[in-house]
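Take a look at the structure below.
No hydrogens, no waters, no symmetry mates; every other heavy atom, side chains included, goes into these values. In this chain, residues are counted from 1 in sequence order.
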Amino acid sequence: MAKLSCDFRYLLIPAAFVFIYIQMRLFTTQSEYADRMAEAVDAEHHCTSQMRLLIDQISMQQEQIVALEEGKKRKDQECTQFKTLVNDLEKKALQRVIDKTQVPVAAVVIMACNRADYLERTVASVLKYQSSVASKYPLFVSQDGSDPRVKTKALSYKELTYMQHIDYDPVHTDRPGELIAYYKIARHYKWALDELFYKHNFDRVIILEDDMEIAPDFFDYFEAAAALLDKDKSIMAVSSWNDNGQKQFVYDPYALYRSDFFPGLGWMLTRSVWNELSPKWPKAYWDDWLRLKDNHNGRQFLRPEVCRTYNFGEHGSSMGQFFEKYLAPIKMNDVKVDWKSQDLSYLTEEKYAQYFADILKAAKPVPGTDPALMASNIEGDIRIQYRDQSDFEYIAQQFGVFEEWKDGVPRTAYKGVVVFRYHPPRRVFLVGPDSLQQLGIENA
């Protein structure tokens, strides 16, 4: 019995060690748990703090959104009020500039954007000759965009009506690298012409750009041409421009021509033509689009030999293209032609082909590989045949006239014939491969 008690005491010693070990492990575990609990509490506090910060940020953003929405509402209201004001100003201006007893010949619109100094020069030139015929030619400035200097300048003239085209729609070009300016210009033209033909109900519109001066007989010329435009539906538009109107290539301020190539740069069209063009107006490059045969459908354009406009716009969307060689040397007419006394019936479709053919037949044919040199030694009008576009470009380069073609038509051409002066008053006719046949000229 004593032996068993001794053995039991020996067993208590390992048990005590086990108990102490368990207690130490338990203490360690409790300490780790307490540390993790503390970390969890800290994490919870941090998360709560972040959530409160996020809630505060969201609240601030919501307040900003509400403020922006309120600002947009105010801007929309201001825009509506501004449009109403502009419409009222337009109506008042029209009442001021249009004599109710005088039916206007055409509205004149100056297309502007962001060149206030150019606009000032153009308006000054137009008003110099428009003031005496203001009731026949009510004047407008149409601004694309919101350049403040242009707007201020345009509104400073009581003699004209201001229009503003604001376009917030993004521009998507058809090809990479294209200038979006050409797309914006096309949109502006369509908007302005729709306004003038459909809102203001004009029968004809003359389009100028904000880098042009006009000749003394500009308005008389267009008044005379308007009668032809109304009478002869084979005339699509009337232009005051000649692409080969440089000083060395012109002579007669009375001479007018029909052309298959749209000249632009100061031109007039009718509402009936615009009714056709407006629904299919292009996204860009509107002037080249008008030169496509599918769009002018066999119709032609009237142009003068001596320009009735001068383009001084060296800086613009076209980056001064052709300016030094072709635009700067242009001769603008300085003779006050009495167009009312001129018989222009020769320009009608039924008469002009024969009139032009008679002039062409009388010109002396010049063969050879150096036509410019030969032309210098021949008296009177001459004609030079070209075989194709490359041959035309070679000959045109010798004389210094425009070499460019659009859709198979050289600039200024009628039935493939390009005419210009060379050592004036001599005329040179560059004649296409089938031009004589088109004009009914045989054995010439």
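Between K293 and D407, none of the side-chain N atoms (NZ, or NE/NH1/NH2) sits under 4.0 Å from a carboxylate O, so this pair counts as no salt bridge. A salt bridge links R308 with D217; the closest basic N to acidic carboxylate O contact falls under 4.0 Å. One finds a salt bridge joining D147 and R149 here, because a Lys/Arg side-chain nitrogen approaches an Asp/Glu carboxylate oxygen to under 4.0 Å. A salt bridge links D167 with R187: the closest approach of a Lys/Arg side-chain nitrogen to an acidic carboxylate oxygen falls below 4.0 angstrom.
Cation-pi geometry between R258 and F301 is not met at under 6.0 angstrom from the ring centre and within 45 degrees of the axis.
One N or O on the side chain of S435 and one on the backbone of K415 form a donor-acceptor pair closer than 3.5 Å. Listed for the Y257 side chain is no donor-acceptor partner under 3.5 Å among the backbone atoms of N242. For S259 (side chain) and A413 (main-chain N/O), a donor-acceptor pair under 3.5 Å exists by modelled atom type. At least one donor-acceptor pair closer than 3.5 Å links the side chain of E305 to the backbone N or O of Y251. Within the 3.5 Å criterion, the main-chain N or O of I214 finds a donor-acceptor partner in the side chain of S125. Listed for the K364 side chain is no donor-acceptor partner under 3.5 Å among the backbone atoms of R383. The main-chain N or O of G266 is found under 3.5 Å from a side-chain atom of S240 such that the two form a donor-acceptor pair. Between the D287 side chain and the G264 main chain, no donor and acceptor come within less than 3.5 Å of each other. Between the side chain of N295 and the backbone N or O of R291, no donor-acceptor pair lies under 3.5 Å. Between the side chain of R426 and the backbone N or O of I378 there is at least one donor-acceptor pair closer than 3.5 Å.
Residues Y198 and S278 meet the side-chain proximity criterion, which asks for heavy atoms closer than 4.5 Å. Side-chain contact between T122 and F312 is present, with heavy atoms from C-beta onward closer than 4.5 Å. Inter-residue side-chain proximity for I235 and R299 is flagged as unmet; no heavy-atom pair is nearer than 4.5 Å. Residues F197 and L269 are in side-chain contact: their nearest non-hydrogen atoms beyond the backbone lie under 4.5 Å apart. Taking 4.5 Å as the limit, every side-chain heavy atom of R411 sits out of range of all side-chain heavy atoms of V418. A 4.5 Å side-chain heavy-atom check between Y183 and D174 finds at least one atom pair inside the cut-off. Counting only heavy atoms from C-beta outward, the side chains of R115 and D117 approach each other to under 4.5 Å. Side-chain atoms of S376 and H423, non-hydrogen and from C-beta on, do get closer than 4.5 Å to each other.
Side-chain contact of E178 with Y182: a donor-acceptor pair under 3.5 Å is absent, judged by distance alone. Side chains of Y162 and Q143: a donor on one and an acceptor on the other come within 3.5 Å. Side-chain contact check for H188 and S142: at least one donor-acceptor pair (N or O, by modelled atom type) lies under 3.5 Å. With hydrogens and angles left out, the side-chain atoms of D358 and Q354 include a donor and acceptor closer than 3.5 Å.
Between Y326 and F402, the distance separating the two ring centers is shorter than 6.0 angstrom.
Note that the NE2 atom of H172 and the CG atom of D169 stand 8.5 Å from one another [nearest 0.5 Å]. Of the inter-residue distances, the one linking S341 atom OG with W339 atom CH2 reads 9.5 Å to the nearest 0.5 angstrom. Summarising the geometry, atom CE belonging to M111 is positioned 8.5 Å from atom CH2 belonging to W191; distances are rounded to the nearest 0.5 Å. For the atom pair L347 CG and E349 CD, the distance stands at 12.5 Å (nearest 0.5 Å). Between atom CD1 of residue I395 and atom CD of residue E393 there is a gap of 11.0 Å, rounded to the nearest 0.5 Å.
Within 6.0 Å of NZ on K340 lie no more than 12 heavy atoms contributed by other residues, nucleotides or ligands. By the neighbour-count criterion of 12 heavy atoms within 6.0 Å, atom CD of Q437 is sparsely surrounded, having that number or fewer from other residues, nucleotides or ligands. E379 CD: 12 or fewer foreign heavy atoms inside a 6.0 Å radius. Other residues, nucleotides and ligands contribute more than 12 heavy atoms inside 6.0 Å of the NZ atom of K336. Under a cut-off of 6.0 angstrom, the local environment of NZ in K233 is crowded, with over 12 non-hydrogen atoms contributed by other residues, nucleotides or ligands.
Contacts classified as ring-ring contact (aromatic ring centres under 6.0 Å, His included) and involving residues 366-387 (residues at least two apart or in different chains) are given here: Y386-F392.
Among the candidates Y422, F399, F420, the single residue satisfying the ring pair (Phe, Tyr, Trp, His ring centres under 6.0 Å) test with F249 is F420. Test Y221, W241, F262 against W267 for ring pair (Phe, Tyr, Trp, His ring centres under 6.0 Å) and you get one pass: F262.
Residues W286 and I185 approach most closely at NE1-CG2, 3.8 Å, considering heavy atoms. Residues S146 and I166 share a closest heavy-atom pair of CB-CD1, 4.2 Å. Of all the heavy atoms in C113 and D210, the pair that sits closest is N-OD2, 3.8 Å. When all heavy atoms are compared, the tightest approach of R204 to P104 is NH1-O, 4.1 Å.
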Checking ring-ring contact (aromatic ring centres under 6.0 Å, His included) for the pair Y352/Y414: CA distance, chi angles, key distance, verdict?
-> CA-CA 10 Å; Y352 188 76; Y414 171 72; 4.9 Å; yes
